[in-house]
Number of protein chains: 2
Amino acid sequence: MQAQIQSVKRRRLHEDIVQQFHALIREGALKHGDRLPAERELAEQFQVSRSSVREAIRSLERQGLVVSKPGAGTFINTETLDSVVTLLSSTFGTGSDALRDAFEMRHLLEPPIAALAAQRATPEEVAKLREILEEQQRQIDQGDTGVEADTAFHFALAAATHNAALIKVVSAVEDVLQHSRGQSLEEPGRRQRSLASHRQILERVEAGDYRGAQQAMDHHLTVVEPSSPQSGETGGSEPAGWRP
Amino acid sequence: MQAQIQSVKRRRLHEDIVQQFHALIREGALKHGDRLPAERELAEQFQVSRSSVREAIRSLERQGLVVSKPGAGTFINTETLDSVVTLLSSTFGTGSDALRDAFEMRHLLEPPIAALAAQRATPEEVAKLREILEEQQRQIDQGDTGVEADTAFHFALAAATHNAALIKVVSAVEDVLQHSRGQSLEEPGRRQRSLASHRQILERVEAGDYRGAQQAMDHHLTVVEPSSPQSGETGGSEPAGWRP
DNA sequence: CCTGTCCGATGGTCAGACCAATTTTAGACG
DNA sequence: CGTCTAAAATTGGTCTGACCATCGGACAGG
C-alpha cells in the first residue's frame, strides 16, 4: 500500500543500497573508521545478491566514502575531500538547484573571462568572434532564436582565455544552460538586445579594454540574460520540458 | 637503510579498466553520445569477467562519464559538470599549463566565492571556519606548514556558498593545487601571513561585508599566495601564439 | 615474551544463467 | 511499395556458486 508513488524511474538495487549507506553515514550510525559487515553478510541483510552489494560498494568507493582492503574488510572513510563533497551534494538538493547553481557559476566566471579574453585574444580569435555574431544576426533575421550562435559566442570567448580548465568548465556550464537560454530568447525583443550586448563585449575585447569587457559581460548577464526569473525555493518547480 | 620503497599497490582489474576508458575519452576516441560495446563484448575484449566490466562501468557512472540504459546500452556522457570535473582531476599532472590554468581559475573563482559566503554563511559555517583557523594556528605552532587547514579553509568557504556546482569545481582545483601550496608555505614567514590573511577574510565574512570579503580574498591570492613566482602579471598583453 | 605457522574470514574475480526493457527484424496487411 | 505489428535478438540488471590471494588472529614452539 504505497500511497505515494515515487518517481517512475526504476531504482537499481545498488543505487538503493548506496542511498541507504548515505543515510546511515549522515545520521552518524556509521562513523569514520568503522568497518562495515562482510559483503556476503550485507547481501543477506539487504536480501540481494553479492554482485549488487559489490556494485554499491564500488560507487561508495568512487565517492570516497569507503575503502576496501582485501582480506581485511571495507571501512568508512569520511575524512577525505571527496567524501565531504559527496555528503554535501547528497544533503543539499540535487534537482532544481542545479540550474540555479549553474547560472550563478556562470555569472561568477564569465565577466573575468571576458577580461582575460580582452587581454589575450589573438586577431584570429577576434575574427572568429565577429564571425559568430554575424551568424547570430543571420539566424535572428531568419526568425530563429540564435541560441546556437549565442552559446558559441560565450564558448569562443572562453577559448580566447587560452585556459584549458576554464574552457572545459565553461563548456559544461553553457551546455547545461543552453536549453534554458533558448526559452529566454523566445521573447523577440531579447534576441536583438542579446546580440547588441554581445557586440559591445566584442568591441571592448577588440580594444583590449579588459575592464570594459568585464563590465559589458556583467551587464549582459545581469540585464539581458537574467538568471532566474522565478524566485522559487527548492519546491518541486521543475522546469518545463522534463521528459523521461 | 631506507631504500626508496615504492608502494606495490595491486591494481584491481576494474580500476585498470576505468583508467583505460579515461584515456580513451581524453584522447577523443570516445566522444559524447558514443555508445560503447556491450558488457559481454567488453569482457571478452579486456579478457576479464563481466563482473569486473560492470564494476568499472559503475565507477564511470558515478563519475558522471557514462549512463547506462537497460536494453539500449551504455553511452558516453561528457557534457555534465561532474564529468568535466573528473576529467580535469584525471588530466591534471599532465602538462605544466594545467597548473597555471588551475591557479588562474582559482584566482577567478575565490574572490566572488568569498563574497557569496559573506552573504550566505550560517552561524554554524562561520564557527567551522573559525575552528579551521584555530587548527591552522596549532599546526603552525607545531612547526607544520598548516597546508591541510589552509586547504580546508578555502573548501569550507566554498561550502558556505551553498552552491553544489561551485563546491565541486573548487574541490577539484584545490585538490590539484594543494601540493604546490605546500611548497609555497615552506617559507616560514608565509605561514603566519597566510593565517593572518585568512583571519581577515573570515572577519569580513562574519560581518556580512561581501565587498570586503572579496577584496580580502583577492589580496590573499595576489599578495600572500602568488600564483606565478615569475613576474607574469595579468596586466601585460600576451603575445599571440604563446601556446599551441 | 617473542616468533613463526596455520586457518578462517574477506575482498577480488570468474563463469553461467535468468529476467526485463529495448532495439531490431520479419512478416502481415493495406 | 509503404506501414504497422508482433516475434526475435540484443542489452543492462540481477542472481548463484565457485575459486583465489590476502589479511588477521589463534596457536604452538622457541
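These numbers were taken from a predicted model, which means no experiment stands behind them. Only this structure's heavy atoms are used, side chains among them; waters, hydrogens and symmetry mates stay out. Quick note on labels: first sequence line is chain A, next is B, and so on, each numbered from 1.
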Can you measure [X] atom [atom1] to [N] atom [atom2] for me and round it to whole angstrom units?
X       : N      : atom1 : atom2 : value
B:Leu42 : D:dT10 : CG    : C1'   : 14 Å
B:Lys69 : D:dG13 : NZ    : P     : 12 Å
A:Asp16 : D:dT14 : CG    : P     : 10 Å

Find which nucleotide of DNA chain C each of A:Gly71 and A:Arg54 is nearest to by heavy atoms, and output the residue with the more 5' nucleotide.
-> A:Gly71

Among [options], the one nearest [X] by side-chain distance:
X       : options                : answer
B:Val48 : C:dC14, C:dG12, D:dT14 : C:dC14
A:Glu55 : D:dT14, C:dG11, C:dT13 : D:dT14
B:Pro70 : D:dC15, D:dG13, C:dT13 : D:dG13
A:Ala38 : C:dT10, D:dC15, D:dG12 : C:dT10
B:Arg35 : D:dT11, D:dG13, C:dT10 : D:dT11
A:Arg40 : C:dG11, D:dT14, C:dT22 : C:dG11
B:Glu39 : D:dG12, C:dG12, D:dC15 : D:dG12

At under 4.0 Å between heavy atoms, what does A:Ser51 touch on the DNA or RNA strands: base, sugar-phosphate, or nothing?
-> base

May I ask you to check whether A:His220 and A:His107 place their ring centres under 6.0 Å from each other?
->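 No, ring centres 6.0 Å or more apart.
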
Quick one: sort the A:His198 and A:His154 rings into parallel, tilted or perpendicular, breaks at 30° and 60°.
->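 Ring orientation of A:His198 relative to A:His154: perpendicular.
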
Short N-O contact, A:Glu125 and A:Lys128, less than 4.0 angstrom | no

Using a strict cut-off of less than 4.0 Å between a Lys/Arg side-chain nitrogen and an Asp/Glu carboxylate oxygen, indicate whether A:Arg58 and A:Glu55 qualify as a salt bridge.
->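 No, A:Arg58 and A:Glu55 are not salt-bridged.
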
Could a donor-acceptor pair under 3.5 angstrom be found where the side chain of A:Arg50 meets the base of C:dG12?
->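 Yes.
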
